Amino acid sequence: MSERIRRFLEQQRPPTPCLVVDLEIIRQNYCNLREHLPLAQVFYAVKANPAADVVRMLASEGSSFDTASLPEIDLCLANGASAENISFGNTIKKERDIADAFGRGVRLFAIDSQEELHKIQRAAPGSRVYCRILVENTGAQWPLSRKFGCAVDMAADLLCEAQTLGLDPYGVSFHVGSQQTDLDQWDVALAKVAMLFSDLQDRGIELKAVNLGGGFPAHYQEDVEALPSYANAVMHAVTKHFGNRIPALMIEPGRSLVGDSGILQSEVVLVSRKAYDDERRWVFLDVGRFNGLAETMDEAIRYRLTTSRDGEETAPVILAGPTCDSVDILYDQANYCLPVTLQAGDKVEIHSTGAYTASYASINFNGFEPLKQYCI
Ligand SMILES: *Cc1c(COP(=O)(O)O)cnc(C)c1O
């Protein structure tokens, strides 16, 4: 936990559950990324943490933005981004939202289908389009496969048609899956992208950009490689497949920029057993799957926890949230252990919760409010 967050929690004692995000950590992460991938233009994936303070700080550092909806575009415009630094990166958009984005000055759009291409031709004439291709998400702890992207041969046809329709066939994108632990996945994806580039070159079209997507990790229970290893793997793959004709590079980090900046402070509501001979205790927190911890679905993302009783003897627990829905169990299979003396009222900190938490919280399920976030 950063010194600034520790001090904030000590001095302010905000009601729990709450998320405290250290903007200085995000700034540092952004600068590190720029330093290690100087050729890549950074488009922050706004959905990871759409707090206005986060967007404003990144805009002031010169970041561009990957957005998925008109409200996200307006959020960026209201907090210092200019329209030419915004990508409308969702491949599934209403035509009137495309038109409104175009009206606000956005000129960069993602596609992965012919119908979407035609919407953009009608609603955003002359714009740059990039086509997302399907790639394996092997090794990703939060895969995004299948729903987005199309096959390489289809992508080639779409980009050709884009040219015919008076659009600018700008490039190709992919996403190797979020919290990607296999550094070779960028090489696998870039091999496909390079084939697509040369195929289109044969058809008289010079693509200009490769969008490398997200996938860089935050620090959860499992160790991950450090950023320089990821940057090396990516640049090695780019050079291998493009030689000295490196296209413009875009990258869309979400989790790796904001994940480690946040601490979720929660409180134990109940510790219980369901039978006298139960081996494991149930620990119920005041935060769960519906008010911030959606990514515990299938126990995919395994956060690091600390408690006010660390150092004491520990034993296995099942960890659950406070709502009356039985899917609101955070960790059962994941073998979490917590201090045996833990009891109602004790604080539990959930680490690296700056990404995909507050923005995933439901409005009012069981009367629980969305997770409150403080940016400091
Ligand atoms: C969610 C998303 C990202 C961010 O991915 P991370 O793994 O969090 O970095 C990037 N690009 C697109 C298109 C996305 O949907």
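Residues take their numbers from the sequence shown, with the count starting at 1. The structure presented is a predicted model; accordingly, all values stated were derived computationally and were not measured. When a ligand or atom number is given, it counts from 1 through the structure's own listing order.
- Looking at ligand 1, you'll find an N or O of G215 within less than 3.5 Å of one of its N or O atoms.
- Under 4.0 Å from ligand 1, the heavy atoms of D66 that appear belong solely to its side chain.
- Within 6.0 Å of NZ on K208 lie more than 12 heavy atoms contributed by other residues, nucleotides or ligands.
- No side-chain donor-acceptor contact under 3.5 Å links R280 and Y336.
- E369 CD: 12 or fewer foreign heavy atoms inside a 6.0 Å radius.
- Within ligand 1, counting atoms from 1 as listed, the ones closer than 4.0 Å to a heavy atom of R255 are 6 (P), 8 (O), 9 (O).
- The closest approach between any non-hydrogen atom of R132 and ligand 1 is below 4.0 Å.
- Cluster annotation: L117 is not connected to F102 through the hydrophobic network of ILVMFWY side chains, with a link wherever side-chain heavy atoms come within less than 4.5 Å.
- Of the protein's heavy atoms, K47 NZ, 2.9 Å lies nearest to atom 14 (C) of ligand 1.
- Taking CD of E252 as the reference point, atom OG of S173 lies at 6.5 Å (rounded to 0.5 Å).
- Other residues, nucleotides and ligands place no more than 12 heavy atoms under 6.0 Å from the CG atom of D223.
- In terms of protein heavy atoms, atom 8 (O) of ligand 1 is closest to Y356 OH, 2.6 Å.
- Applying the 4.0 Å criterion to heavy atoms of A45 picks out, from ligand 1, the atoms 3 (C), 4 (C), 10 (C).
- P253 counts as a contact of ligand 1, since one of its heavy atoms falls under 4.0 Å from the ligand.
- Relative ring orientation between F197 and F242 is described as perpendicular, the plane-to-plane angle rising above 60° on a 0-90° scale split at 30° and 60°.
- Neither the backbone nor the side chain of W142 comes within contact range of ligand 1; no heavy atom lies under 4.0 Å.
- Scanning the protein for heavy atoms near atom 5 (O) of ligand 1, the closest one is H175 NE2, 2.9 Å.
- Exactly one residue among Q28, H219, R255, H351 makes a side chain to side chain donor-acceptor pair (under 3.5 Å) with D260. That residue is H219.
- The protein heavy atom nearest to atom 12 (C) of ligand 1 is E252 OE1, 3.4 Å.
- Closest to atom 9 (O) of ligand 1, if we only count protein heavy atoms, is G254 N, 2.8 Å.
- More than 12 heavy atoms of other residues, nucleotides or ligands lie within 6.0 Å of CZ in R104, so this atom counts as buried by the packing criterion.
- One option in S178, G214, A140 has a heavy atom closer to atom 7 (O) of ligand 1 than any other, and that option is S178.
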